[in-house]
Visitor: 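This is the structure, below, for whatever I ask next.
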Amino acid sequence: MPDTIFHKIIRREIPADIVFEDEHMIAFRDIAPQAPVHVLFVPKVDFATLNEVPGSEAAVIGRLATAAARYAKQQGFAEDGYRIVMNCNGDGGQTVFQIHLHLLAGAPLGHFGTPGG
Ligand code: 5GP
């Protein structure tokens, strides 16, 4: 059974600031936020990286993205804007090997590749 820190959060073995949960996913605040709002959306099906997700499971990713957008609307920052990110493996900076989507918001994040971006 996979046993990342995120699985422990799903099983309530370690605490997290959970903002949303349903049968498909859990969403909680990142412990080391990179923006004023930094929430992680983690599916309850096990895929270590995006590379393992087959096309037949594309809905797993779609649900994470649409849940992030829904949360942005509910929290009132959807119109100001936000960024969603999925890191993959070493060059992508992935550190927890259960797929997850980062939602970053709450301040101008800059353009990719620019200072502050
Ligand atoms: P990655 O680098 O794999 O894309 O993202 C993993 C994220 O998980 C990082 O932003 C990191 O701060 C966050 N993280 C690591 N351990 C914990 C934890 O125990 N609790 C929470 N809430 N976030 C964590």
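Small disclaimer: the values here were computed from a predicted structure and weren't measured.
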Visitor: Flag the pair Lys44 and Glu21 as a salt bridge only when some basic side-chain nitrogen lies within less than 4.0 angstrom of an acidic carboxylate oxygen.
Guide: yes

Visitor: Could I get the full list of salt bridge (Lys or Arg N to Asp or Glu O under 4.0 Å) partners for Glu13, not counting sequence neighbours?
Guide: Arg11

Visitor: Would a single hydrophobic cluster contain both Ile31 and Phe41, if residues Ile, Leu, Val, Met, Phe, Trp and Tyr are joined by side-chain heavy-atom contacts under 4.5 Å?
Guide: no

Visitor: Any donor-acceptor pair under 3.5 Å linking the side chain of Glu52 with the backbone of Thr49?
Guide: yes

Visitor: I need the minimum non-hydrogen distance between Met25 and Ala67, along with the two atoms involved.
Guide: SD-CB, 3.5 Å

Visitor: Are Ile84 and Val60 grouped together when hydrophobic residues (ILVMFWY) are joined by side-chain heavy atoms under 4.5 angstrom apart?
Guide: yes

Visitor: Mind checking whether Leu40 and Phe6 have side chains closer than 4.5 Å, heavy atoms only?
Guide: yes

Visitor: Quick one: closest heavy-atom pair of Gly110 and Arg83, and the distance?
Guide: O-NH2, 2.6 Å

Visitor: Starting from the C-alpha separation in whole Å, work towards a yes-or-no answer on side chain to side chain contact (heavy atoms under 4.5 Å, CB included) for Gln74 and Phe20.
Guide: CA-CA 11 Å; Gln74 285 169 352; Phe20 174 73; 5.9 Å; no

Visitor: With a 3.5 Å cut-off and sequence neighbours excluded, list the donor-acceptor pairs that the side chains of residues 85-97 form with protein atoms.
Guide:
residue : atom : partner : partner atom : Å
Gln94   : OE1  : Asn89   : N            : 2.9
Gln94   : NE2  : Ala48   : O            : 2.9
Gln94   : NE2  : Val96   : O            : 2.9

Visitor: How far apart are the C-alpha atoms of Val37 and Tyr82, what are their side-chain angles, what is the distance that settles it, and do they pass the side chain to side chain contact (heavy atoms under 4.5 Å, CB included) test?
Guide: CA-CA 9 Å; Val37 177; Tyr82 54 89; over 6 Å; no

Visitor: Any chance you could measure Arg12, atom CZ, to Ile18, atom CD1, to the nearest 0.5 Å?
Guide: 3.5 Å

Visitor: Hydrophobic cluster membership, with links at side-chain heavy-atom distances under 4.5 Å among I/L/V/M/F/W/Y: are Phe77 and Val19 in one?
Guide: yes

Visitor: If you look only at distance, which donor and acceptor atoms sit under 3.5 Å apart when one is on a side chain in residues 98-105 and the other is two or more places apart or in another chain?
Guide:
residue : atom : partner : partner atom : Å
Gln98   : OE1  : Phe47   : N            : 3.2
Gln98   : NE2  : Pro43   : O            : 3.0
Gln98   : NE2  : Val45   : O            : 2.8
His100  : ND1  : Gln98   : O            : 2.7
His102  : ND1  : His38   : NE2          : 2.8

Visitor: For His7 and Thr4, which heavy atoms make the closest approach, and how far apart are they?
Guide: ND1-OG1, 2.7 Å

